[in-house]
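Some notes on the structure that comes next.
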Amino acid sequence: MKLTGAQALIKSLEHQGVEVIFGLPGGAILPVYDPILDSSIRHILVRHEQGAGHMAEGYSMATRRPGVAMVTSGPGATNIVTPLLNAFMDSTPLVVVTGQVATGSIGTDAFQECDITGITMGITKHNWLIKDPNEIAQTIAEAFHVATTGRPGPVLIDFPKDIANSKVDYQEPGAVSLAGFTMQTEPDPAAVSAAADMILNSKRPVLYVGGGVLKSNASAALKILVEQTSIPVVTTLMARGAFPDSNELNLGMPGMHGTYTAVMALQKADLVIAMGARFDDRVTGKISAFAPLAKIIHADIDPAEIGKVRRPDITLLGECRRSIEELTRALTEKTSNGNGDLKLPLDIDEWHNTLKGWKQKYPLSYDREATDVVKPQYVIEELSKRQEEGTILASGVGQHQMWASQYWKFDTPNTWINSGGAGTMGFAVPAAIGAKVGRPDKPVWAIDGDGCFQMTAQELVTASAEQIPVKIAILNNAYLGMVRQWQHMFYEERYSEVYLSPDLPDYVKWAEAMGAIAFRVDTPEEVIPTIEKANEIDDRPVVIDFRTDVTERVFPMVPAGAPNDDILISAEHADGIVQ
Amino acid sequence: MENKNHHIVSALVENKAGVLARIAGLFARRGFNIYSLAVAPTDDAKLSRVTIVVDVEASLLNQVVSQLNKLINVVEIRELSPSDAVERELLLATVQCSPEKRSEIIQIVTALGGEIVDVDISCLTIEMSSTPERLDTLEELLNSYGILRIQRTGRVALPRLGYLAESKIESELKLA
Ligand SMILES: Cc1ncc(C[n+]2csc(CCOP(=O)(O)OP(=O)(O)O)c2C)c(N)n1
Ligand SMILES: [Mg+2]
């Protein structure tokens with residue numbers, strides 16, 4: 001079949017089962033926008049290419065399918081660099097197509113030329129510059145394969161204009177085989193057996209669950225392992241929802257703003273079983289003081305994560321889900337003479353008691369009695385209580401993000417859409433839109449900061465135009481709050497360039513101008529009724545401007561670079577120590 | 001090798017545009033140092049062999065190898081410990097040479113197994129292919145006569161025959 005290169009590209013995307021592309025056209029990608037008119041693929045026209053990238057990420061995180069974005073060359077391409085970094089850090093499968101100047105002009109500083117494959121080499125799993133129209137179908141197939149196989153991540157395809165305009169004899173791609181892209185998915189049985197023995201001999205084990213558990217669709221398998229062993233669980237920022245918060249064995253989030261119990265459980269553990277987690281510095285604090293008493297079992301699909309930060313005692317190299325299943329099987333075999341799922345006789349009652357004691361003594365806390373100001377944590381708690389199961393929550397980056405991860409109750413996998421490794425302000429609004437496109441059946445909320453909202457709010461225009469009814473709760477503290485918190489605690493309250501103002505811009509008017517319904521909340525009494533009003537609306541975007549307490553800080557907190565044992569539990573505790 | 005932090009990494013890579021940039025970029029952004037690098041096509045036109053001497057602590061070597069292995073264009077990679085590898089390097093050097101010293105220099109060069117490949121009134125250009133250590137020796141000796149220009153290729157290496165590199169290195173990586 002004779003097609004143009006552009007048609008071949010769209011056909012190749014259709015062949016991969018793509019249902020939606022987030023993008024914005026321009027000169028170099030123009031030829032590809034023509035066949036979009038005839039395609040079954042939905043195109044969502046964004047207002048800034050960064051929005052397209054984050055939407056594709058939100059879509060992917062909510063659906064576990066690859067997200068697709070398309071932009072033009074030059075500034076269109078550089079505008080999507082931030083989402084590529086974000087997806088790279090959080091292992092989100094993205095396929096980004098960028099237009100490029102004609103092959104004959106490459107290297108001449110042609111109009112809107114940009115070496116985007118060079119720029120994105122370090123933040124993609126791989127990228128391709130297509131120079132032969134006959135390679136389009138196969139390259140697209142390879143791109144999806146690389147993005148979604150093993151540890152997922154973003155890829156980029158740079159597509160020159162003359163290739164788009166050339167004629168090709170379209171042929172469906174063959175099976176993808178890349179000699180340099182192989183991986184071990186099944187954990188080594190001997191290592192599994194050794195890990196099971198180590199678990200059976202432990203007195204204070206903890207499952208340190210990371211984003212890899214969600215990527216490998218291992219939540220159900222994890223639940224079985226935990227039910228059978230009663231090993232307590234901590235879920236990292238990337239893994240909130242991978243194990244239900246409603247299960248009493250979930251100790252919450254570890255790390256810089258984790259719960260006391262989750263942080264200290266790792267510190268006092270004699271065995272840490274890391275599942276699809278990468279010992280990020282925000283989790284470990286000072287690395288030499290992290291989990292000092294623990295042996296480590298590390299399960300991951302990526303060999304480069306093994307021993308990168310902490311050398312494990314046992315490595316389970318392979319897909320997380322398979323490692324969890326095999327561990328469960330080995331444990332059952334070793335303890336029940338092979339006849340079924342007996343509760344394992346792990347001798348860890350004392351450990352459970354210790355953890356229960358910590359939970360009671362050091363719960364997450366804030367001033368619930370406050371009547372004069374709206375506490376941000378209160379907004380999140382009330383919002384969370386009033387959502388149906390499976391509601392998706394996106395978030396920006398800052399204090400509001402940490403409170404969201406602490407106070408929202410996550411019981412369903414893939415319902416928490418946040419920017420972890422990169423910490424990208426402005427992620428929430430477009431990511432929520434992308435998630436809603438992927439899961440139109442679920443309510444989608446975003447908890448955003450006033451600073452973050454100002455970075456990507458214009459995508460609410462996209463949401464209104466495309467009828468994507470997302471709901472945004474701005475926790476408007478009039479500040480770049482997280483930076484303010486650090487200046488408060490570590491720079492003697494010298495506030496430098498963090499004030500934003502509560503009413504410049506007027507968020508209600510702005511949201512209305514973008515086609516959303518908007519509310520403002522100034523007092524605690526208004527919080528619940530306004531949430532209820534917002535929940536009723538499902539035909540357009542909603543924005544609530546919650547005017548929250550400016551002075552509130554996120555606790556617990558492990559100061560950057562400090563040992564986790566130095567965790568600061570509350571403002572009172574912190575002010576007594578730091579100053 | 002004399003320097004304890006020098007390790008030989010040998011990789012088979014796809015012969016595609018930008019491969020070297022991918023490798024070099026990875027080293028730069030992960031903070032690994034390249035001591036020397038040699039690249040050339042193999043008998044299979046689709047593949048090149050890259051020999052990299054990396055300058056990292058032994059504890060980081062696994063990181064270097066497994067990060068490189070994540071590059072899609074890297075088809076195969078292994079560390080070669082010097083005892084398990086055949087190594088060679090090529091040196092070209094132009095040395096100042098008064099007529100009185102000429103035969104002395106020629107003697108040294110031929111004794112070490114090098115050759116004179118270019119001559120004029122006041123200079124000699126010397127070629128020698130050998131182990132990097134022997135080239136170091138030659139370079140030191142030539143230094144006293146005055147080296148005008150020198151180019152070394154960096155080492156290239158292949159596993160010794162009968163050396164069970166494949167299974168050994170790969171299983172080491174998995175268990176690390
Ligand atoms: C793009 C980007 N720029 C700067 C930062 C640094 N930063 C982290 S949190 C933060 C403040 C965010 O302010 P806001 O959105 O109001 O959230 P708050 O902390 O007040 O809840 C800043 C500036 C960042 N993470 N991302
Ligand atoms: Mg703020």
Side-chain angles (χ1 to χ4, degrees), chain A residues 85 88 103 106-107 115 117-132 135 139 142-143 145-147 149-151 153 155 158 176-184 186-188 190-191 194 298 300-318, chain B residues 9-32 39 41-42 44-50 54 56-79 166-176:
Chain A
L85 169 73
F88 191 66
T103 47
I106 290 178
D115 173 21
T117 50
I119 287 175
T120 60
M121 234 169 229
I123 52 171
T124 52
K125 276 183 88 176
H126 193 62
N127 56 30
W128 292 260
L129 168 64
I130 297 187
K131 284 181 151 174
D132 175 353
E135 286 176 0
T139 306
E142 286 176 9
H145 178 71
V146 170
T149 308
R151 179 179 183 169
V155 298
D158 206 14
V176 174
S177 103
L178 295 165
F181 187 61
T182 55
M183 66 213 60
Q184 181 180 333
E186 287 294 309
D188 172 22
H298 193 174
D300 209 285
I301 186 81
D302 181 356
E305 288 303 340
I306 306 300
K308 184 181 82 178
V309 176
R310 171 85 176 247
R311 181 166 278 274
D313 297 278
I314 296 177
T315 297
L316 301 176
L317 187 62
Chain B
V9 173
S10 171
L12 217 47
V13 305
E14 286 181 289
N15 214 342
K16 290 197 170 155
V19 174
L20 207 52
R22 287 179 202 278
I23 292 173
L26 180 84
F27 272 83
R29 71 177 171 273
R30 296 255 173 210
F32 309 143
V39 197
T42 63
D44 180 343
K46 290 202 213 75
L47 298 175
S48 287
R49 183 170 290 283
V50 184
V54 295
V56 296
E57 279 174 34
S59 61
L60 262 182
L61 190 63
N62 252 333
Q63 239 329 267
V64 175
V65 171
S66 42
Q67 290 292 354
L68 281 168
N69 205 16
K70 278 166 70 166
L71 296 177
I72 309 288
N73 296 139
V74 173
V75 175
E76 192 188 287
I77 184 159
R78 69 182 52 148
E79 192 221 342
E166 266 112 316
S167 48
K168 191 170 147 210
I169 294 291
E170 264 146 47
S171 57
E172 265 174 16
L173 277 179
K174 275 163 208 162
L175 289 176

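All chains are named by letter (A, B, ...) in the order of the sequence lines, taking the proteins before the strands, and each is independently numbered beginning at 1. What you see is a predicted model; the values in this text were computed from it and never measured.
Not counting sequence neighbours, A:Asp313 has no partner by the side-chain hydrogen bond (donor to acceptor under 3.5 Å, both in side chains) test. Contacts of B:Arg30 classified as side chain to side chain contact (heavy atoms under 4.5 Å, CB included), with partners at least two apart in sequence or in another chain: B:Leu26, B:Phe32, B:Gln67.
Heavy atoms of B:Arg22 lying under 4.5 Å from chain A belong to its backbone as well as its side chain. Interface remark: A:Lys125 contributes backbone atoms only to the contact with chain B (heavy atom separation under 4.5 Å). Interface residue B:Leu71: only backbone heavy atoms are found under 4.5 Å from chain A. For a residue to count as touching a neighbouring chain, one of its non-hydrogen atoms must lie under 4.5 Å from one of that chain's; by this rule A:Asn127 touches chain B with backbone and side chain alike.
Across every non-hydrogen atom of A:Ala304 and B:Ser66, the tightest pair is CA-OG, 3.6 Å.
Separating the CD atom in B:Glu14 from the CG atom in A:Leu178 is a distance of 7.0 Å, to the nearest 0.5 Å. Here the CD atom belonging to B:Gln63 is positioned 7.5 Å from the CD atom belonging to A:Glu305, to the nearest 0.5 angstrom.
For the options B:Val75, B:Val74, B:Ile72, heavy-atom pairs under 4.5 Å to chain A are most numerous at B:Ile72.
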